[in-house]
Every structure is written in structure tokens, then in C-alpha cells.
**Q** 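The structure that follows is given in the form of C-alpha cells.
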2 protein chains.
Amino acid sequence: MKKITIGEAARQSGVKVPTIRYYEGIGLLREPSRSEGNQRAYEPSDLHRLTFIRHARELGFEVEAIRTLLSLQDNPLQPCASADAIAKARLVEVEQRIRSLMALKAELEMMVEGCGHGRVDQCRVIEVLADHAQCTHHGH
Amino acid sequence: MKKITIGEAARQSGVKVPTIRYYEGIGLLREPSRSEGNQRAYEPSDLHRLTFIRHARELGFEVEAIRTLLSLQDNPLQPCASADAIAKARLVEVEQRIRSLMALKAELEMMVEGCGHGRVDQCRVIEVLADHAQCTHHGH
DNA sequence: TCTTGCACCTCTAGTCGCTAGAGGATGTAG
DNA sequence: CTACATCCTCTAGCGACTAGAGGTGCAAGA
């Protein structure tokens, strides 16, 4: 098996070099073997793990959730209810976030459209911010 | 004008007490006058400013953007192009974030639906995370 | 062989927007 | 007068990195 440097691992996984070292520090990634000159030498399995982590981070999973997902991956004979629960919880979060962002979008659009590009004292943007009652959405 | 305590200001503005002190520390809020016993005494104008800040934070504006928006509000005779630009930039951010979250939602739904509640080695959640090529959306 | 220059090493501190807690002073109600 | 809530300042912590200092390793060209 070919070992690769941390820089190469970064290139291939899409995770930055300091972030890889950070993941090692918090125990997401095992400590790799070292070259004679004390440089980290990664194996293909580390690369897989890194890619898994990157993908999960992109999906917005927190490090603690990823820790659980990784330990599930390491024990493939367990029931996958935990993985399912984690993904479902994340899905609910994402759905909520989308709803809230849609409301914000509507409010921002109202602000921007209402701006007549005149002076600040007639500006809808400032006005809406100053007076919450003008919001169409009062959920926040 | 009636002065109020920081706790009352927190209650009326919806901004927590330590957060109000924090805003003062970073210069978003002026230093209020003090009572004999060195306790902060806020005026109605401070309350307006706090509400403005809270509302802007809820809309996701960063503190630096709010600093600019506040200085615009303080100088109402200026043209409002800056406020407009800030709001527009925020709108673009929100739209991008919504798009990206929609893609994540689709991917998470696929993961959750595919999970047959069996063992981890057949779990779609883990599988998709491990193999990025299975994603329907390759933007990330 | 030497040197250039990049990639690597460890360690600490900074980012953002708060939040938590220690340890003490003040204000108010009974 | 005594509780007790609220206030004060100060420092440290959160998550997930990112930046920088100060030093070592290594491969390639002159």
C-alpha cells in the first residue's frame, strides 16, 4: 500500500492540511504512521475516512454526529437505527432552516424592492429594521 | 425620560443581558449613563437601537454590516445606496443558502428513505456518506 | 555539493457571536 | 434587617476551524 503525505491527502480528499491535523487532534482520524523525518504518512483507508468526514460536514452534520456515524461504519454488523436517527434529525433541522430562510428572503425582498434609492430617511431597508412591526412575518 | 435597568432593557428588546453588555463592549451600543451604584441606566433611544440590532441579527446580518446600517440610520440625509447594497448582498447569500439546503434536503431524504432499518453494512445513510459518487447533487 | 524553496512539523492564539461562571456589590420587598 | 434577585467586572469556553511563528525535511536545479 502506497503511503501519501498530508498535502497529497488534502488534495485527494478536499480537506485542508490544518483541518486534517485538527481532526487527528480531536480524535476523528487515527494518528497515522510517520516517515523517518517525522512526517505523517497516510494510507488509502485514511483517505476514505477523510472523504466520509468531508462529505458529512458538507451535509451539515456536527463533529459529534460524525463521530457516531464513523463508529457505526467501523462496526457494520450493528443495527443502523442510530445512523437513521442522526440523518432524520439532520433532515428536520434542514427543513426548519429552509423555512426560516424563506421567510427571511421574503422580508429582505420587501426591503430591497421598497428602497427608492433616495436618502436614508426614506429608505425602506433602514425603516423595516428599525420597526419590527412592518415585517410580514412575525415569527422571529 | 425614564431610565431603565439592563434587565428591563433585555426584557423589552428581547436581547439577553450579557449580550447587551457584549454589544456595548464591541461598540455597537453607546455606553449608557450609570446609577449611583454604578448600574447601567438605559434610555428609550437605546432600546430602539437594541431592537434594531436584534432584528438585523435575526435577519442574519453580521455585526460589521449592522455597524454600517446603524451609522446610516444615524445620518439619515445620506444616500441609502449602502444600505441597499448590504441588504441585497444578504439577499443573495440567503438565496444561495436556500438552494444549497434544498440540495442537502434531497440528499438526506434519499438517505433516510433508502435505510431499510437493517444492519449498518446495508445502510444507505452510511453508504452514501462513504461514497460521494452516489449523491444526486455533485455541487458540493 | 550547495542552495533554493516548498512542504512539513509543533504550538499558540485568533475568528464570530455570543454564553457561562466566579466572586462580589447593589437594590428592593417583607 | 435579612433575604434574594439583580447588577457589576472579569475570564474562559463554545464549535470548527484558520492564521501565524519559528523551526525541520526533502527534492530538484546550478
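We use all heavy atoms of the structure for the numbers below, so side chains are in, but hydrogens, waters and symmetry mates are not. Note on naming: letters A, B, ... go to the chains in the order of the sequence lines (proteins, then strands), and numbering restarts at 1 for each one.
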**Q** Could you give the OH-to-P distance, from A/Tyr42 to C/dC9, as a whole number of Å?
**A**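 Distance, rounded to whole Å: 7 Å.
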**Q** What does B/Ile26 touch in the nucleic acid at a heavy-atom separation under 4.0 angstrom: a base, only the sugar-phosphate, or nothing?
**A**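 Nothing, no heavy atom under 4.0 Å.
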**Q** Atom CG of A/Leu29 and atom P of D/dA16: how far apart are they, to the nearest Å?
**A**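 Going from CG in A/Leu29 over to P in D/dA16 covers 16 Å.
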**Q** Heavy-atom count check: over 12 atoms from other residues, nucleotides or ligands less than 6.0 Å from A/Gln78 CD?
**A**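 Correct, the count exceeds 12.
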**Q** Assess whether salt bridge (charged side-chain N to carboxylate O under 4.0 Å, His left out) is satisfied between B/Lys105 and B/Glu109, documenting all intermediate values.
**A** CA-CA 6 Å; B/Lys105 180 168 175 286; B/Glu109 274 168 348; 3.1 Å; yes
**Q** So, is B/Thr5 near the phosphate of D/dT6, with a side-chain N or O under 4.0 Å from OP1 or OP2?
**A**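 No, B/Thr5 has no side-chain N/O under 4.0 Å of OP1/OP2 on D/dT6.
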**Q** Heavy-atom nearest nucleotide on DNA chain C for B/Tyr23 versus A/Gln39: which residue maps closer to 5'?
**A**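 Checking each residue's closest nucleotide, the 5'-ward one belongs to A/Gln39.
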**Q** Check step by step if salt bridge (charged side-chain N to carboxylate O under 4.0 Å, His left out) holds for B/Glu24 and B/Arg21.
**A** CA-CA 5 Å; B/Glu24 181 184 323; B/Arg21 286 196 278 250; over 6 Å; no
**Q** Under 4.0 Å between a side-chain N/O of B/Arg40 and OP1 or OP2 of D/dC7, yes or no?
**A**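 No.
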**Q** Starting from P on D/dC17, measure out to CD1 on A/Ile66 and report it in whole angstrom.
**A**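 Nearest whole value for this atom pair: 8 Å.
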**Q** For B/Ser35 and C/dG27, is the shortest distance between a side-chain N/O and OP1 or OP2 below 4.0 Å?
**A**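 Yes.
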**Q** Does a side-chain N or O from A/Arg34 land closer than 4.0 Å to OP1 or OP2 of C/dT10, or not?
**A**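 Yes, A/Arg34 has a side-chain N/O under 4.0 Å of OP1/OP2 on C/dT10.
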**Q** Walk me through it: do B/His48 and B/Glu43 pass the test side chain to side chain donor-acceptor pair (under 3.5 Å)?
**A** CA-CA 9 Å; B/His48 277 130; B/Glu43 298 173 25; over 6 Å; no
**Q** Which residue lies toward the 5' end of DNA chain D, A/Thr19 or A/Glu36, if each is placed at its nearest nucleotide?
**A**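 Here A/Thr19 is the residue nearer the 5' end.
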**Q** Any side-chain N or O of A/Lys16 below 4.0 angstrom from OP1/OP2 of D/dT18?
**A**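 Yes, because at least one side-chain N or O of A/Lys16 sits under 4.0 Å from OP1 or OP2 of D/dT18.
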**Q** Any idea which of D/dA16, C/dG17, D/dC7 is nearest the B/Val63 side chain?
**A**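 Comparing D/dA16, C/dG17, D/dC7 against the side chain of B/Val63, the answer is C/dG17.
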**Q** Expressed in angstrom and rounded to an integer, what is the separation of B/Lys3 atom NZ from C/dG27 atom P?
**A**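 After rounding, the reported distance stands at 15 Å.
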**Q** May I have the distance from A/Glu31 (atom CD) to C/dT10 (atom C1'), rounded to whole angstrom?
**A**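 Rounded to the whole Å, the gap is 13 Å.
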**Q** Closest to the A/Arg21 side chain: C/dT19, C/dC8, C/dC18?
**A**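 Minimum distance to the A/Arg21 side chain belongs to C/dC8.
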**Q** Between atom CD in B/Glu58 and atom C1' in C/dG17, what is the gap in whole Å?
**A**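 From B/Glu58 CD to C/dG17 C1': 15 Å.
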**Q** What is the separation between atom CZ on A/Arg57 and atom P on D/dG15, rounded to the nearest whole Å?
**A**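 The distance from CZ of A/Arg57 to P of D/dG15 comes to 12 Å, rounded to the nearest Å.
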**Q** Is any side-chain N of the basic residue among A/Arg40 and A/Asp46 closer than 4.0 Å to the acidic one's carboxylate O?
**A**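 Answer for the salt bridge query: no.
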**Q** Using whole Å, report how far OH of A/Tyr22 lies from C1' of C/dT12.
**A**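 Value for this atom pair: 15 Å.
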